[in-house]
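It should be emphasised that the depicted structure is a prediction, and the values quoted were computed from it without experimental measurement. So you know, we letter chains A, B, ... as the sequences are listed, proteins then strands, and number each from 1. Computation of the quantities below employed the complete heavy-atom set of this structure, encompassing side-chain atoms and omitting hydrogens, waters and symmetry-equivalent molecules.
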2 protein chains.
Amino acid sequence: MAASIRDVAREAGVSVGTVSNVLNRPEIVAAATVARVTQAIEHLGFVRNDAARQLRAGRSSSFGLVVLDTRNPFFMDLAHGAQRRAIDDGYTVLMGGSDDSPQREHSILEMFEEHRVAGVLISPVDTDLTQLWRLRQAGIPVVLVDRGSSDRSFSSVSVDDVEGGRIAARHLLEQGRRRIAFVGGPLGIKQVSDRVNGARSVIAEVAGATLEVRETQALSVLEGRRIAEEILALPADRRPDAVFAANDLLAMGVLQALVMTGSLRVPEDIALIGYDDIDFASAAVVPITSVRQPAVEIGATAVGLLLSEARAGADAVREQIEFTPELVVRASTVGGA
Amino acid sequence: MAASIRDVAREAGVSVGTVSNVLNRPEIVAAATVARVTQAIEHLGFVRNDAARQLRAGRSSSFGLVVLDTRNPFFMDLAHGAQRRAIDDGYTVLMGGSDDSPQREHSILEMFEEHRVAGVLISPVDTDLTQLWRLRQAGIPVVLVDRGSSDRSFSSVSVDDVEGGRIAARHLLEQGRRRIAFVGGPLGIKQVSDRVNGARSVIAEVAGATLEVRETQALSVLEGRRIAEEILALPADRRPDAVFAANDLLAMGVLQALVMTGSLRVPEDIALIGYDDIDFASAAVVPITSVRQPAVEIGATAVGLLLSEARAGADAVREQIEFTPELVVRASTVGGA
DNA sequence: AGTCGTTATTGAAGCGTTTCAAACCGGTGA
DNA sequence: TCACCGGTTTGAAACGCTTCAATAACGACT
């Protein structure tokens, strides 16, 4: 049905090799021939077959990106940064969402491998990185995003989540809060546990301050609401005076539930701090204080590492880049008592 | 580098044909052989080469989805619905964002065509649909999403945007508003112009009611803020008493700017209604009234149409499915005067 | 013993590219 | 006149897979 390079060759009265050259290195073909071939292409509506091209080339010209949640604006921003950077170098980005499921993560990676992607960017759910080792073994460079590589075995672009946790907790403590609840999960996700640990370390140093961890199934608005309802059901003397949410989606969920019932005020009764600083955090009912991560830069930088690792081949240098998170103070933590 | 089906065949002592059969129709292969081959696959870490498979098959097993804006939660929800539906049938979804640029839309479509996708879902920026005709000509089914096909030449899944515009305007009028500003653009986008027209038709019927259109460059939060600043700069007697934003992103931008300066209250001084009812609309400073579109269903339904059109071949029946939008009233329009 | 059926496996063709050594062509310099 | 040269073009091989007609193996039946 679709015209092939062969049809074009026949139409233009040249060999297939020449057509291919016109397509890929027109400068080595005589101008008149280029014109004739171009016209034939036009006429037949010929479009390159990417599958054949890739088969021949041995690898695709796209990168795979695996994120925890495709509906989280943070990851969309990250993806956007990655895409922009990739396009500049003639690559495209395939994206898949693992939805916090190691199994789904696994099958996305498998798909990418079948596709022979030129590289993989991943924010892993699964703590077991053997599949990633396998990928590298197979010649596919892997870069961790939004998550460091503790043993430096992978290149990575991350934000210091432990420090982020400290920043958040310190801020809450400075506002006079002492009964702090951490909302987030699954705790198996490294970013989440790092943030708790950071918070814990700071809180431990303050006499009388406590940290209570409430684990969620996912980092979603819905889960945030659920936890907030649990908190609301608590007797006043066991209730936290501050909530540190593992990301802004959760924070927004918590906020919605608190505001809806109206029995507790933010920040007067409960202070609230989120993480990621997604655009919507600033536009919330009560604008949410958050720990900002430079999502777009992370994505772009990660693609940069991938490109250089892809070019360098097996003996590439692994590089760990770590951004520092930044506190963005808004109404959800200041003003109350 | 990577093992091929040939290597597996050698390792297992069978022919390549048999390996292929084990992969695709294991039931016709003797159990013992299956075991032997499976073991060889395991041992060599063999992974199918998708490019070769597709080349042979003639078409890929993915659909292409082109949306206006990958960072708009509405489209993310739509994509999510599409993806879920596609996976059930063994397809994957490739997504690209046109960012309101016909040129970018064009190049994404070209990429999809090179990839020989099994079908295209698109929310077109470009009013000129000839490229889509070309695609169909080439045997690639096309379904329009979030946008009807006026001449019924394409299958489509949409929401009645004219009616949506009417609903929004009617609601504002019922709240006693008369000087209404429409914020949105580019007006070349059909969804946007339909919404204005719907609003206009209703407003025209009410004596003393006026509609002022303020066109934006994009449907983004930033543009919303920009327009809100324009509005704030207006003398009080020329200022609108209600804003109808073409989507929630714009609405949130408008809201942010209004709230930040604090000189105008929502809804007392200016009522605000958005469109799409993204999750974040309900969590805004002032929860935003919006016209809801069932994003997830739209995506899923569209993939359904694509699947049936792909199966039916050239003589497929085109089907236009239209959802009805739904008003979701929140604080941004009620309570003031 | 020969024939037919069934079941399992084989081997080669072909999908549309790219690449590369070889061939071609019209001068140029010896 | 001939060898050689640079600039063009050619033709075939190879990439890894699926498919399908042909073959093989082996009982069962006549």
Looking at DNA chain C, which of residues 27-42 of chain B put a heavy atom within less than 4.0 Å of it? V29(B), A30(B), T33(B)
Rounded interatomic separation in angstrom, taking [atom1] from [X] and [atom2] from [N]:
| X | N | atom1 | atom2 | answer |
| --- | --- | --- | --- | --- |
| L55(B) | dG16(D) | CG | P | 12 Å |
| D7(B) | dC15(D) | CG | P | 11 Å |
| Q54(A) | dC15(D) | CD | P | 17 Å |
| R116(A) | dG16(D) | CZ | P | 8 Å |
| L23(B) | dT19(D) | CG | C1' | 14 Å |
| R25(A) | dG7(D) | CZ | P | 15 Å |
| N49(A) | dC15(D) | CG | P | 18 Å |
| R48(B) | dG16(D) | CZ | C1' | 12 Å |

Checking side chain to side chain contact (heavy atoms under 4.5 Å, CB included) against E113(B), which of I140(B), V120(B), I108(B) comes through? I140(B)
Check the surroundings of atom CD in E322(A): do more than 12 heavy atoms from other residues, nucleotides or ligands lie under 6.0 Å from it? yes
Could you tell me whether E27(A) atom CD has more than 12 heavy atoms of other residues or ligands within 6.0 Å of it? yes
Chain B reaches DNA chain C, atoms under 4.0 Å from its heavy atoms, from dA8(C) to dG16(C)
Please classify the nucleic acid contact of [X] as base, sugar-phosphate, or nothing, using heavy-atom distances under 4.0 Å.
| X | result |
| --- | --- |
| T18(B) | base |
| N24(A) | sugar-phosphate |
| S4(A) | sugar-phosphate |
| R56(B) | base |
| G17(B) | base |

Winner on side-chain proximity to S20(B), out of dT10(D), dC17(D), dT19(D), is dT19(D)
Considering only heavy atoms from C-beta outward, does the side chain of V142(B) approach that of L144(B) to under 4.5 Å? yes
V145(A) side chain near S123(A) side chain, heavy-atom distance below 4.5 Å: yes
Strictly by side-chain hydrogen bond (donor to acceptor under 3.5 Å, both in side chains), give each pair with a member in residues 87-100 of chain A just once, sequence neighbours left out. R85(A)-D89(A)
Measuring from atom OG of S62(A) to atom CE of M95(A), what distance do you get when rounded to the nearest 0.5 angstrom? 14.0 Å
Does the structure place the NZ or CZ of R318(B) under 6.0 Å from the centre of the six-membered ring of F154(B), at an angle of no more than 45° from the ring's axis? no
Salt bridge check: are R71(A) and D77(B) linked by an N-O gap of less than 4.0 Å? yes
